[in-house]
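Note that these values count all heavy atoms, side chains included, but never hydrogens, waters or copies made by symmetry.
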Amino acid sequence: MKIAVTYEDGIIFQHFGHTQYFKIFDVENGVIQKEQVVDTQGSGHGALVGFLIEHNVDTLLCGGIGGGAQNAISSAGIQLYGGISGEVDAAVKAFLAGTLSYNPEVHCDHHGQEHKCNGHSCNSKEHDCGDHRR
């Protein structure tokens, strides 16, 4: 099993589509065999699922994640556990112990909030600025 967790300074990063790093765990028989922090090289929303597929990930732990990414994750056969916060290593240990608290209804819809996109403010759910860096 390969578990990927959105990662920033040891903590679960809360916006899947902006994830710059994943911490990836190789697990055999419930025991972590290897762990590494991997840079996504700025992959962005659409390419992150491909990044996970390339790394043979079958389980994703994350904070917030939008509906489109959820569908892509599901289509790729990757199990999603979202709505998680806190330390990455603790979350993986809880997952392996069967005690992880997560939200199966997790949804990230930052477009309903004011944020900066490519030098302008986007506060509409219907737009296509092509850039979602806060």
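- For Gln36, the CD atom is densely surrounded, since the number of other residues' heavy atoms within 6.0 Å is greater than 12.
- Rounding to the nearest 0.5 angstrom, the gap separating the OG1 atom in Thr99 from the NZ atom in Lys93 is 12.0 Å.
- The minimum heavy-atom distance linking Ile53 with Ala76 is given by the pair CD1-CB, 3.7 Å.
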Could you walk me through whether Ile65 and Thr6 pass the side-chain contact (heavy atoms from CB on, under 4.5 Å) check? CA-CA 10 Å; Ile65 183 169; Thr6 54; over 6 Å; no
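- A donor-acceptor pair is defined here as one N or O able to donate and one able to accept, closer than 3.5 Å; such a pair exists between the side chain of Thr40 and the backbone of Gln20.
- At distances below 3.5 Å, at least one donor-acceptor pair connects side-chain atoms of Ser75 with backbone N or O atoms of Asn71.
- Taking each heavy atom of Glu35 and Phe25 in turn, the nearest pair found is CB-CD2, 3.7 Å.
- Within the 4.5 Å cutoff, the side chain of Thr19 has no heavy atoms near those of the Phe51 side chain.
- Evaluation of the salt bridge (charged side-chain N to carboxylate O under 4.0 Å, His left out) rule for Asp26 yields Lys2 as partners, not counting sequence neighbours.
- One hydrophobic cluster, built from ILVMFWY side chains closer than 4.5 Å, cannot hold both Val27 and Val57; they sit in different ones.
- Asp9 CG to Tyr21 OH: the interatomic distance, rounded to the nearest 0.5 Å, is 9.0 Å.
- When the side chains of ILVMFWY residues are joined at heavy-atom separations under 4.5 Å, either directly or via intervening members, Val92 and Tyr81 end up in a single hydrophobic cluster.
- Residues Cys62 and Ile12 share a closest heavy-atom pair of C-CG2, 3.8 Å.
- Contact record, Asn103 with Gly83: CB-CA, 4.2 Å, taken as the closest heavy-atom pair.
- If you take CD1 on Ile32 and CG on Asp89, they are separated by 7.0 Å, rounding to the nearest 0.5 Å.
- Aromatic ring orientation, Phe22 versus Phe16: tilted (interplanar angle from 30° to 60°).
- Phe13 and Tyr7 make their closest contact through CB-N, 3.9 Å (heavy atoms, listed as atom of the first residue, atom of the second, distance).
- Put simply, Ile24 and Leu61 are part of two different groups of oily side chains (I, L, V, M, F, W, Y) that touch within less than 4.5 Å, one to the next.
- The same ILVMFWY cluster, assembled from side-chain heavy atoms under 4.5 Å apart, contains both Ile73 and Leu48.
- No chain of hydrophobic side-chain contacts below 4.5 Å, direct or via other Ile, Leu, Val, Met, Phe, Trp or Tyr residues, connects Val38 to Val88.
- Here the CZ atom belonging to Phe95 is positioned 4.5 Å from the OG1 atom belonging to Thr59, to the nearest 0.5 angstrom.
- Counting only heavy atoms from C-beta outward, the side chains of Leu60 and Gln79 never approach each other to under 4.5 Å.
- Rounding to the nearest 0.5 Å gives a distance of 13.5 Å between CE of Met1 and CG of Asn56.
- Pairing each heavy atom of Ser101 with each of Ile84, the nearest pair is O-CG1, 4.0 Å.
- With values rounded to the nearest 0.5 angstrom, Leu52 atom CG is found 5.0 Å from Ile78 atom CD1.
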